[in-house]
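No experiment lies behind these values; they were computed from the predicted model shown. Worth knowing before you read on, the calculation uses all heavy atoms, side chains too, and leaves out hydrogens, waters and symmetry mates. Protein chains get the first letters and strands the later ones, always in sequence-line order, with residue 1 at the start of each.
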Number of protein chains: 2
Amino acid sequence: MTHSEENYLKAIFHLSRQGTGTISTNAIAEQMDTKPSSVTDMLKRLSDKDLVNYKKYQGVSLTETGRYSALAIIRKHRLWEVFLVEKLDFTWDEVHEIAEQLEHINSEKLIDRLDTLLGHPKFDPHGDPIPGKNGEFKERDKELLSKMPVGGKGVCVGVKDSSATFLKFLDKNQIALGQQIEVLDKEEFDNSMHIRIGGEQLLVSHQIASNLYLKPSEES
Amino acid sequence: MTHSEENYLKAIFHLSRQGTGTISTNAIAEQMDTKPSSVTDMLKRLSDKDLVNYKKYQGVSLTETGRYSALAIIRKHRLWEVFLVEKLDFTWDEVHEIAEQLEHINSEKLIDRLDTLLGHPKFDPHGDPIPGKNGEFKERDKELLSKMPVGGKGVCVGVKDSSATFLKFLDKNQIALGQQIEVLDKEEFDNSMHIRIGGEQLLVSHQIASNLYLKPSEES
DNA sequence: ACAAATTTTTAGAATCACCTAAAAATAACC
DNA sequence: GGTTATTTTTAGGTGATTCTAAAAATTTGT
Ligand SMILES: [Mn+2]
Ligand SMILES: [Mn+2]
Ligand SMILES: [Mn+2]
Ligand SMILES: [Mn+2]
């Protein structure tokens with residue numbers, strides 16, 4: 001499989017996990033920052049290789065083998081991200097770009113050994129789950145901060161937007177994975193939220209709240 | 001720079017360090033297992049980018065920037081090989097193939113950090129010197145075993161052929177880098193050599209002797 | 001239901017990296 | 001020095017991946 005094919009599979013996988021159902025040509029083009037016509041070309045090729053189910057004008061979905069391949073690439077991507085943070089002291093905003101390259105390295109043994117070196121991590125530096133060697137994958141139980149009710153509590157377990165800009169913003173405001181967050185109040189006006197985090201109080205915009213995932217604490 | 005361009009630069013660099021002078025199209029084609037016509041194509045492209053000095057029919061050589069680029073790739077290749085052996089327990093016969101992929105990963109910070117993690121190694125698992133960050137490079141002082149006189153001694157410091165087949169053969173016969181070797185006798189008939197290595201005596205063929213590098217001990 | 005807007009596909013072209021077959025230049029030999 | 005052999009380049013073509021522009025299909029709105 002070529003780098004390009006791998007990138008398309010990954011994009012289709014990620015899109016499948018957002019909106020339900022079949023994926024549109026335009027959605028892929030946008031996600032990958034290419035033209036729809038290029039996407040159509042590639043979908044034909046992927047379909048020929050039985051990696052996607054594709055019928056003209058009907059949208060596309062991954063086949064079993066396509067899904068398996070996508071998960072293998074995501075596994076590599078996320079393990080490399082962990083490696084970069086844990087072993088090479090990169091920050092979580094720096095690793096994605098490099099992992100985009102490393103995910104295409106082809107060696108089963110390499111990725112097995114890396115997994116072992118890292119102690120079989122279950123999540124990457126952004127809180128995303130790392131697929132298993134045999135394609136096991138389940139999303140973790142999480143909720144957007146923006147969807148939490150006033151009075152709700154939880155632990156910060158992930159980010160939706162993992163752009164460097166957003167991650168650096170979180171660093172600056174001392175918001176990190178593993179921290180306890182409580183919703184104190186919501187502003188009707190702009191949907192911004194007053195939260196308690198690490199003893200401090202903070203007002204976060206709706207933009208921010210809708211890009212932070214919490215694992216909600218059990219309500220009594 | 002594309003992967004292919006990088007591979008060509010590397011090939012030209014390696015050829016320059018063997019026979020002296022300018023490099024022929026055919027030599028590159030053979031080294032890279034492609035056709036001479038493909039090489040000509042690429043030489044034009046590399047020349048356009050000022051990475052090589054190329055005039056039709058006159059052979060080719062690296063420019064200053066071409067040489068610098070080649071060294072950067074070789075540095076990456078060899079650092080990754082060290083990483084694979086030191087951190088992921090690969091054997092020296094397994095690492096080259098994977099490093100062929102990893103050498104194309106593009107991140108200065110990554111390679112700096114890797115260098116630090118590994119303790120700034122000077123040599124790769126095959127005894128080849130690792131170029132410095134700023135293009136410093138000097139070959140180590142070494143001599144082929146086959147060129148050593150009877151009675152000569154030295155430490156095994158490298159291999160010329162670093163194919164998996166040869167390396168596994170060396171493992172099987174307990175020949176490893178760092179070992180003391182003494183030439184006991186040469187057979188006129190087939191140029192095979194009786195050597196002492198690690199207390200044992202061994203008869204090695206000319207083929208083998210001409211692929212093992214020693215650092216000759218000071219003769220008195 | 002039909003026109004307009006949007007999405008998607010086709011057609012045609014460019015670039016990269018490779019190939020084969022043929023032509024041209026250079027080197028080797030007598 | 002002229003013929004042969006070898007090396008190297010050109011010419012032309014293929015597949016992969018992208019693009020733009022135009023055509024076709026689908027969806028939306030009235
Ligand atoms: Mn990432
Ligand atoms: Mn991630
Ligand atoms: Mn190598
Ligand atoms: Mn090596």
Answer yes or no: does a side-chain N or O of [X] lie under 4.0 Å from OP1 or OP2 of [N]?
X	N	value
A:Lys56	D:dA24	no
A:Ser38	D:dC19	yes
A:Ser37	D:dA21	no
A:Tyr57	C:dT10	no
B:Ser4	C:dC16	no
B:Tyr8	C:dC18	yes

Applied to residues 70-89 of chain B, the salt bridge (Lys or Arg N to Asp or Glu O under 4.0 Å) test, sequence neighbours excluded, yields B:Arg75-B:Asp115, B:Arg78-B:Asp124
With a 3.5 Å cut-off and no angle check, do the side chains of B:Thr91 and B:Asp93 form a donor-acceptor pair? yes
Going by atom types alone, do B:Asp161 and B:Ser163 pair a side-chain donor with an acceptor below 3.5 Å? yes
Could you tell me how far apart [X] ([atom1]) and [N] ([atom2]) are, to the nearest whole angstrom?
X	N	atom1	atom2	value
B:Leu46	C:dC18	CG	P	11 Å
A:Asn7	D:dT18	CG	C1'	14 Å
A:Lys35	D:dA16	NZ	C1'	20 Å
A:Asp41	D:dG15	CG	P	14 Å
A:Lys55	C:dT9	NZ	C1'	17 Å
B:Gln58	D:dT7	CD	C1'	12 Å
A:Met42	C:dT8	CE	P	18 Å
B:Asn26	C:dA25	CG	C1'	14 Å

Among the nucleotides [options], which one has an atom lying closest to any side-chain atom of [X]?
X	options	answer
B:Thr2	C:dA17, D:dT10, D:dT17	C:dA17
A:Thr25	D:dT10, C:dC18, C:dT9	C:dT9
B:Arg45	D:dA11, D:dA16, C:dC16	C:dC16
A:Thr40	C:dT9, D:dT17, C:dC16	C:dT9

Which residue is it: B:Leu170, B:Asn211, B:Asp128? I am looking for the one with a side-chain contact (heavy atoms from CB on, under 4.5 Å) to B:Val159. B:Leu170
Closer than 3.5 angstrom, by distance alone: can the side chain of A:His126 be matched with the main-chain N or O of A:Trp92 as a donor-acceptor pair? yes
